[in-house]
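Here is the structure we will look at, set down as structure tokens.
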Number of protein chains: 2
Amino acid sequence: MTVTEAAAERLIRIGEVARGAGVSVRAVRYYEQQGLLVAERSPSGQRLYRPDAIPLVRFFQQMFAAGLNSRRITELLPCWDSGHTDAEQRAMLRAERDRIQAKADDLQAALDRLDELIAVTDTHP
Amino acid sequence: MTVTEAAAERLIRIGEVARGAGVSVRAVRYYEQQGLLVAERSPSGQRLYRPDAIPLVRFFQQMFAAGLNSRRITELLPCWDSGHTDAEQRAMLRAERDRIQAKADDLQAALDRLDELIAVTDTHP
DNA sequence: CTAAAACCTGACGTTGGCGTCAGGGGCAAG
DNA sequence: CTTGCCCCTGACGCCAACGTCAGGTTTTAG
């Protein structure tokens with residue numbers, strides 16, 4: 001087994017990425033289109049990913065769930081990849097963090113509201 | 001002042017509802033269209049609301065923020081209004097509550113992720 | 001070898017909560 | 001009177017993250 005083959009063996013196709021991350025194949029293609037994900041190509045044109053594409057896609061999902069859009073995520077990706085940031089990026093990180101915190105607070109308020117309603121409707125059937 | 005006049009004095013127009021709840025006039029009309037909100041009409045056709053439309057609209061916003069859509073909210077409105085529910089509605093309330101809780105957990109995970117990233121980029125400038 | 005499974009590139013469809021424009025009306029202040 | 005503010009009804013526009021269909025190639029299992 002050559003070094004090249006050993007390296008090639010670490011590449012997976014889009015279906016495996018999708019299954020591994022729990023998203024659709026279409027979603028993975030979409031991420032590439034948005035510049036979130038880069039893939040090599042096999043001679044026949046199929047996308048080939050390194051295995052760490054899976055946790056990366058999970059990270060995307062997490063950020064999407066937190067309300068960030070593709071563009072924001074691409075802007076944050078350099079920090080994620082390199083651990084290296086300029087002041088502007090650090091400010092953006094904190095801004096997003098605060099937005100998510102506020103959103104979490106809103107959710108908690110909604111939760112309290114519903115719990116209150118549940119308590120009333122349970123004692124008041 | 002007659003009783004009727006006293007009652008009429010308690011009715012406000014759409015602009016006041018919108019300002020009071022911090023949403024657009026368009027949004028309030030939309031809520032009516034979705035069956036979330038009912039309004040009386042003045043002889044000239046203007047919508048007239050009781051003042052408690054304002055907290056009600058705030059409640060809608062809170063539920064929207066929690067990821068419920070108009071239809072779900074209309075389904076939950078009877079509980080909210082009357083405090084009376086059947087088994088199906090109580091199940092729905094709990095299901096939504098659990099969904100929101102899961103969402104809150106996701107947000108917290110995203111927050112932890114970002115905080116971790118912030119810590120790294122701060123010590124690693 | 002062959003059939004099924006997986007992959008490819010477009011490109012249009014969906015969903016929801018509004019924004020926004022078009023065109024028109026009423027009504028109190030100056 | 002007219003100016004300006006608020007209100008009305010449609011109806012099209014928008015955005016974002018995909019779903020989905022069409023029509024064709026590649027890879028894999030038996």
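Side chains included, hydrogens not; waters and symmetry mates left out as well; all remaining heavy atoms used. Lettering follows sequence order; numbering is per chain, from 1. Bear in mind the structure is a predicted one, so any value in this text is a computation, not a measurement.
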Exercise. In terms of side-chain heavy atoms, does B:Thr85 have a donor or acceptor partner in B:Arg90 at a distance below 3.5 Å?
Worked result: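 Yes, B:Arg90 and B:Thr85 have a side-chain donor paired with an acceptor closer than 3.5 Å.
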
For this session: Determine whether the side chains of B:Arg41 and B:Gln46 contain a donor N or O and an acceptor N or O closer than 3.5 Å.
Result: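 Checked: B:Arg41/B:Gln46 side chains show no N/O donor-acceptor pair below 3.5 Å.
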
Problem set entry | Near-strand residues of residues 94-106 of chain B, defined as heavy-atom separation under 4.0 angstrom from DNA chain D |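 Per residue number, the list is empty: none.
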
Exercise. Quick one, which residues of residues 13-38 of chain A touch DNA chain D with a heavy atom under 4.0 Å?
Worked result: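 Contacts with DNA chain D under 4.0 Å: A:Arg13, A:Ser24, A:Arg26, A:Ala27, A:Tyr30, A:Tyr31.
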
Of all heavy-atom pairs between [X] and [Y], which one has the smallest distance, and what is that distance?
X        : Y        : value
B:Tyr49  : B:Ala39  : CE2-CB, 3.5 Å
B:Ile100 : B:Ala66  : CD1-CB, 3.6 Å
B:Gln62  : A:Ala110 : NE2-N, 3.8 Å

For this session: State, yes or no, whether a side-chain contact exists between B:Leu68 and B:Leu76 at a heavy-atom distance under 4.5 Å.
Result: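 Side-chain contact under 4.5 Å: yes.
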
Exercise. Any side-chain heavy-atom pair from B:Ile118 and B:Asp122 closer than 4.5 angstrom?
Worked result: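 In contact.
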
Exercise. Heavy-atom contacts under 4.0 Å between residues 48-64 of chain B and DNA chain C, which residues?
Worked result: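 Heavy-atom contacts with DNA chain C come from B:Gln61, B:Phe64.
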
For this session: Please tell me which of the listed nucleotides, D:dT9, C:dG17, C:dT9, lies nearest to the side chain of B:Ser70?
Result: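 Selected nucleotide: C:dG17.
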
Problem set entry | Side chain of B:Arg41 - closest among C:dG16, C:dC8, D:dC8 |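 Of all the options, the side chain of B:Arg41 is nearest to D:dC8.
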
Problem set entry | Touch class at under 4.0 angstrom, heavy-atom based, for B:Ser44 against every strand present |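 No contact.
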
For this session: Give, for atom CG of A:Asp52 and atom CZ of A:Arg58, the distance between the pair rounded to the nearest 0.5 Å.
Result: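 So the CG of A:Asp52 and the CZ of A:Arg58 are separated by 12.5 Å.
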
Problem set entry | Parallel, tilted or perpendicular: rings of A:Tyr31 and A:Phe60 (30°, 60°) |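 Perpendicular, since the angle between the ring planes exceeds 60°.
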
Problem set entry | Phosphate OP1/OP2 of C:dT9: any A:Arg47 side-chain N/O under 4.0 Å |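 For A:Arg47, the contact criterion (side-chain N or O under 4.0 Å from OP1 or OP2 of C:dT9) is met.
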
For this session: Measure the distance from CZ on B:Arg71 to P on C:dT15 and round it to the nearest whole Å.
Result: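 For the pair B:Arg71 CZ and C:dT15 P, the rounded distance is 11 Å.
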
Exercise. Between B:Gln46 and B:Asn69, who's closer to the 5' end of DNA chain C by nearest nucleotide?
Worked result: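 So the residue in question is B:Asn69.
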
Exercise. Around A:Arg113, counting heavy atoms of other residues, nucleotides and ligands shown, do more than 12 lie under 6.0 Å from its CZ?
Worked result: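 Buried by this count: over 12 neighbours within 6.0 Å.
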
Problem set entry | salt bridge (Lys or Arg N to Asp or Glu O under 4.0 Å) evaluation trace for B:Glu96 with B:Arg99 | CA-CA 5 Å; B:Glu96 290 302 335; B:Arg99 266 180 16 82; 3.1 Å; yes

